[in-house]
Amino acid sequence: MIAGLARRAVVACGVSLLCGLGCAQQSESLREVNERIAYYKGRVDREPQLYPAFAHLGAAYLDKARLTRDPVWLAQSREALIRSQEIQSNFDAMKSMAAVCNYAHRFEEALHWLDRAAGAMPEDTSLVAMRVEALMALGQMDEAQRVAAVGEVNDFYVAAARGQIAMATGRYDDAKAAFLSAARAAAAQGAASLQAWALIMAAGSRIDSGRAADAKPLLEAARRLDSESVELGIHDAEVMEAEGRAAAALARYAELARRTNDPSLHARAFALARELKRDGQARQHFDAAQRGFQRAIDAGEVYTLEALASLYLEAGASLDRAEQLARRNLDYKKDLAARELLDQILAARGKNPAASGH
C-alpha cells in the first residue's frame with residue numbers, strides 16, 4: 001500500500017480534494033466555470049461599481065484555481081474579492097475570501113474573514129464548517145470540536161465538519177455516522193453531488209479503519225450520483241491498494257493525474273510506481289509532482305509547502321530543502337500532520353526531533 005507520507009501530500013496540499021468544507025458544492029466542469037467567469041467579467045466591465053458581480057467573479061476564479069491547480073487564478077480571485085469589498089462591504093465577498101484563505105493555507109487570515117462574515121450572516125452554517133477547517137489546520141482541535149458541537153446534527157455542513165473532526169481523531173465509526181448524516185441532509189436538499197461527496201467520505205472512514213470491503217457499497221452509491229467525481233476515483237484506487245492490487249491503483253492514480261493535472265495525484269502515483277519498481281514511471285510522476293508543487297511556491301503561495309516536503313521525504317531526496325519547507329509550513333499550518341512531518345524529516349537527516357523546537 002502507498003506510503004503514508006505520499007498520501008499526506010494530497011491532504012496537505014491546499015488543493016485538497018475536499019475543496020474546503022464550507023464551500024462544497026455541485027460538481028462543475030471547467031467549461032461551466034469559464035462561462036461563469038465570462039459572464040461576470042462582462043458584468044463588471046460594463047458596470048465597474050457592481051460589487052456583487054465582483055464577488056461572484058472572485059468565487060468563480062477560486063473554482064477555476066481548484067479545477068486547474070493553477071495559482072494564477074487564486075491571485076485573480078483575491079483581486080476580484082478585494083475590489084468587491086472596496087466598493088461595498090458584503091457577505092459574499094467576505095465568505096469567498098475566507099474560502100480563498102483556507103484553500104491557500106492562510107488559516108489565521110481565514111478566521112478573520114469568517115468573523116466578519118459571521119457578523120453579517122451568522123445563520124450560514126457553511127461558515128461553521130469553514131471555521132472548523134481552519135481551526136483543525138491550526139492545531140486547535142478542542143476549539144474545532146466546540147464549534148462543531150453547536151448546530152443541528154441534520155445540517156449538511158455541521159455533520160460534515162463533525163465527520164472531519166472524527167476522522168482526524170481516529171474515531172472512524174463516528175466519522176461514518178456523521179458523513180452519512182451529511183449525505184441524508186444533502187439528499188433532502190436534492191444536492192446530488194454533495195450527497196455523493198458525503199458518501200465518499202463515509203467510504204474513506206471505512207478504508208482508513210482497515211475495512212476497505214465495507215467502503216465498496218458506499219462508493220457504488222456515490223457513483224450513481226456523481227460518476228465523474230475525482231474524489232470517487234481516488235477512493236476507488238485506495239480500495240485497490242487495500243486489496244493488494246497496486247498496479248491497478250497506480251493506473252487509476254495516473255489517469256486521474258492526467259485528467260486533473262493535480263500534483264498530489266502525481267505524488268501518489270510516484271510512490272506506487274516506485275514500490276512496483278517501475279523506475280521510469282516513478283521519475284515521471286515525481287517530476288510532475290515537484291513541478292506542480294513548486295509552481296505554487298514560485299507564485300508566492302504557501303499551500304504546497306507541506307506537500308513538497310512530504311514528496312522529498314518519500315523520495316529520500318533533497319532532505320535539507322524538505323526540512324526548510326516543513327519548518328516554513330509550520331508558520332501557517334500547525335496541526336499534528338505538519339509537526340510529525342518535520343520530526344520525520346529530522347529523523348531521516350539523523351537529527352533529534354525532540355530538539356526541533358515546535
Side-chain angles (χ1 to χ4, degrees), residues 1-17 65 68-72 74 103-107 137 139 234 241 246 249-250 253-254 256-258 260-358:
M1 182 173 293
I2 193 168
L5 286 169
R7 179 168 183 178
R8 179 183 295 141
V10 175
V11 178
C13 185
V15 299
S16 76
L17 299 163
T68 65
R69 277 66 179 183
D70 188 340
V72 69
L74 200 57
Y103 179 97
H105 285 200
R106 306 278 184 172
F107 299 109
I234 291 170
E241 291 182 68
L250 171 57
Y253 285 133
L256 291 168
R258 285 191 297 271
T260 64
N261 199 33
D262 185 343
S264 296
L265 293 173
H266 282 294
R268 287 194 175 199
F270 156 69
L272 264 183
R274 192 178 63 161
E275 181 181 307
L276 292 168
K277 303 190 185 308
R278 299 182 183 182
D279 294 341
Q281 197 172 356
R283 170 51 62 180
Q284 289 177 350
H285 285 297
F286 176 88
D287 289 345
Q290 181 179 232
R291 284 194 305 270
F293 294 144
Q294 187 62 48
R295 183 182 186 187
I297 295 169
D298 290 343
E301 302 291 350
V302 301
Y303 59 84
T304 59
L305 292 171
E306 186 172 330
L308 185 53
S310 295
L311 179 70
Y312 285 142
L313 179 58
E314 180 73 32
S318 303
L319 292 181
D320 55 343
R321 179 147 194 263
E323 180 181 340
Q324 294 169 4
L325 292 166
R327 288 188 182 280
R328 187 179 174 211
N329 180 60
L330 279 168
D331 291 335
Y332 305 96
K333 186 170 178 284
K334 307 175 189 296
D335 60 2
L336 181 61
R339 298 195 306 272
E340 285 185 341
L341 174 62
L342 177 57
D343 285 346
Q344 291 178 30
I345 292 169
L346 291 172
R349 298 195 70 195
K351 296 183 177 182
N352 180 10
S356 63
H358 63 79

Worksheet item: Are Tyr332 and Glu306 close enough, and set up right, to give a side-chain hydrogen bond (donor to acceptor under 3.5 Å, both in side chains), and what steps lead you there?
Response: CA-CA 10 Å; Tyr332 305 96; Glu306 186 172 330; over 6 Å; no
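Counting heavy atoms from C-beta outward, Glu323 and Lys351 have side chains that approach closer than 4.5 Å. Side-chain contact between Ile234 and Leu265: present, with at least one pair of heavy atoms (C-beta onward) separated by less than 4.5 Å. Taking the side chain as every heavy atom from C-beta outward, Leu250 and Gln281 approach each other to under 4.5 Å. Side chains of Leu305 and His105 form no contact here, defined as non-hydrogen atoms less than 4.5 Å apart. At least one side-chain heavy atom of Ser310 sits under 4.5 Å from a side-chain heavy atom of Leu341. Inter-residue side-chain proximity for Arg283 and Arg274 is flagged as unmet; no heavy-atom pair is nearer than 4.5 Å. In this structure, the side chains of Ile297 and Gln294 come closer than 4.5 Å at one or more pairs of heavy atoms. Within the 4.5 Å cutoff, the side chain of Leu308 has heavy atoms near those of the Arg321 side chain.
For Leu311 against Ala267, the heavy-atom pair with the smallest separation is CD1-CB, 4.1 Å. For the residue pair Ala104 and Leu74, the shortest heavy atom distance occurs at CB-CD2, 4.0 Å. Taking every heavy atom of both residues into account, Ala269 and Ala254 meet most closely at CB-N, 4.5 Å. In terms of heavy-atom proximity, Ala326 sits nearest to Ala309 at N-CB, 4.1 Å.
With Lys333 contributing its side chain and Asn329 its backbone, the two residues share no donor-acceptor pair below 3.5 Å. No side-chain donor-acceptor contact under 3.5 Å links Arg268 to the backbone of Tyr253.
Here the straight-line distance linking atom CG of Leu325 with atom CG of Leu313 works out to 11.5 Å at 0.5 Å rounding. Annotation: the span from Leu342 atom CG to Arg327 atom CZ amounts to 5.0 Å, rounded to 0.5 Å. For the atom pair NE2 of His266 and OG1 of Thr260, the computed distance is 7.0 Å after rounding to the nearest 0.5 Å. Atom CZ of Phe270 and atom CD of Glu275 lie 11.5 Å apart (nearest 0.5 Å).
Checked against a 6.0 Å centroid threshold, the rings of Tyr103 and Tyr303 count as neighbours.
Between Glu301 and Arg295 no salt bridge is recorded (no basic side-chain N to carboxylate O distance below 4.0 Å). Ion pairing between Asp279 and Lys277 fails under the 4.0 Å rule for side-chain N and carboxylate O.
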